[in-house]
Amino acid sequence: MSIGHLSILDPAQETFTLGVCYYPEHWPRDRWAGYARRMREAGLAYVRIAEFAWSRMEPEPGYYEWGWLDEAIDTLHAEGLRVVLCTPTATPPAWLVRAHPEILPVDAEGRVRQFGSRKHYDHASPIYREHSRRITREIAGRYGQHPAVVGWQTDNEFGCHDTTRSYGPASQVAFREWLAARYGTLDDLNEAWGAVFWSQEYGDWDQILPPNLTVTEPNPSHVLDFARYASDMVAEFQAEQVAILRELSPGRWVTHNFMIFFSDFDHYRVAEGLDFVSWDNYPTGMLDRSDEPVDVKLHFARTGEPDLIGFNHDLYRGLLHDEDGSGRAFWVMEQQCGQVNWAASNPLPAPGAIAVWTAQAYAHGASTVSYFRWRAATMAQELMHSGLLRHDETDDWGLAEIGSLELPGRANDPVRTPVALLHDYESLWAYDSQPHSAGASYWGQVLQYYVALRSLGLDVDIIHPDRDLTAYRLVVAPALHLMSSARAAHLTEVARRSHVIFGPRTAFRTPTGRVHEGGAPGPLGALVGWTLMNVDGLRHGLVQHAGGHEVTVWAECYSPYHGDSSAEVVVTYDDGPMATEPAVVRRGNVATIGAWSPTLVTSVLRDTCALVGIETINLPRGVRISRRGGLTTAVNFTSERFDLSDGESLGPVSFRQW
Ligand code: GAL
């Protein structure tokens, strides 16, 4: 079920709103009333609770203790705070694991992952599914109609700590069932996987295992289907909870908090049953863990890098859509408000950064930003993580910063842009299973196009390739590695109205992960007018050139013909084994770029925008402009002042709206 707009279920939320993640079970009860009062005074409206509190809800099998949670919710309610309640399934309690150790996940090395942290379950385990439904029914039955409870979060960060894919007995059985349903016969499966290669053919379903612990790399088609299977298990696991919440908690919304650049399941599919999407934004940790070069990591150490953050905002805005076709307003369920504890190094954010992150979230389509967490934990794994309050309960910097924040925006104003960037998790899985060059990755390639578009001053909708794309004048498809005939037909339709730009490795594989008979780009050939000739996985330091631009990581060249269709050669390689061969080709309003080269990509995008009539500007890295509703927001993540074209200037680590 989809609600169209948030405001239908929560009419109070017309303006952009702030919230906080809170763990009443971590603090003595005599603190609760004072905390609730301070939350209200700080201007926070929403409080998310209970996602890890199963051991307090059900300390022994079938024995529930709700008194503490009744009081916690009532205390928040008394201050007019609105509660987001969670299903607590991210943390099955010790007694459950002891009684049913078979619910534990098994890692790719075949080791059982034990109790003692969180996310210790296999989504496919029938016993865990049963307990997940049971505890969901209990908590939804008790609080589903509580006046303070306005919405639900399912579980917490599906897949966190590498838990989407489990390789133990539960997954082995479920994977075989999934394959049997998909292929029907083993002949079809063997054909789809090209299993004749290395005598991998199967004569019985029971011979099939998950693709781990193989002597050398497993078959990429096997890997691709295991990724699809594991993704479906997450979707099913959540759907069971959502159905119960709908039944027992009418009139409340349901969301889930997704993660930064997380790739292990298909987020479009997992988001399907939700009312809106949320994600957890940790800018400094995200940068520290990214593939960005050391100088970028240093430059943005205290702010995070705006395009890494913006990409995730735009991605999550595009998982669900409103009736008018615009990406649906989302929540940042957990927003960093001090330092994190989980990156290799955890610098303090720069003064101003928390305000800038909040303004940026609004500008990219958020309706609510909820800070993680209320008070810094005095115990256990996250005691080095900041909160809005310090360990000693005094206000930390983040709280002071949001106290003076005024964001006038309306919560449901849409972001509208003529530019779409296409993204598909199945292409990601196939691409990353065989990167073929040490520096190549799906996200890396897609980001190159995103950063180029943002540096040209453009807003970007990130959306699934099979959606209706009629609203866009420029459609950028950086890495659609898998190509079916249906997708090719759809893109051909799209190209009748819009300009389309493809990146390297487009349409290299069939949907089962094989190369197309007749080579790439298979069914896309008539549209793009080229046939792939050669690919070049460049080792680190090996630099080629195309049209004067540096090319690293990846290069591929084309014959500008495909059957009766042909393309115009726009740029050729200057050097290397592919010298004089086509690097960029164009057929009508469809261009293909074969080289990994940020400057070449920017120049083709700029030229195409000029052809389409989309105005561009040039922004330095760290300064970005976004438009939402009638409001323009400029953010400056750098430590230097930046002069805007209207004569106003942006101070270091600051934002301006007009
Ligand atoms: C998130 C998680 C939170 C907390 C936080 C710390 O990934 O959802 O529970 O662990 O990270 O930054």
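In listed order, ligands and their atoms are each counted from 1.
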Min N/O separation [X] to ligand 1 under 3.5 Å:
{"X": "E157", "answer": "yes"}
{"X": "Y23", "answer": "no"}
{"X": "E51", "answer": "no"}

Side chain proximity check, Y167 to E109, heavy atoms < 4.5 angstrom: no
Heavy-atom side-chain proximity of Q241 to R133 below 4.5 angstrom: no
Output yes when [X] and [Y] qualify as a salt bridge under the 4.0 Å nitrogen-oxygen rule, no when they do not.
{"X": "D155", "Y": "K119", "result": "yes"}
{"X": "D307", "Y": "R624", "result": "yes"}
{"X": "E58", "Y": "R134", "result": "yes"}

Counting each atom of ligand 1 from 1 as listed, which ones have a heavy atom of H385 under 4.0 Å away? 6 (C), 12 (O)
Just to be sure I read this right, does ligand 1 sit under 4.0 Å from the backbone of R118, its side chain, both, or neither, counting only heavy atoms? side chain
Location of contacts on R373 toward ligand 1, heavy atoms closer than 4.0 Å: neither
Could you establish whether M259 and ligand 1 come within less than 4.0 Å of each other, counting only heavy atoms on the residue side? no
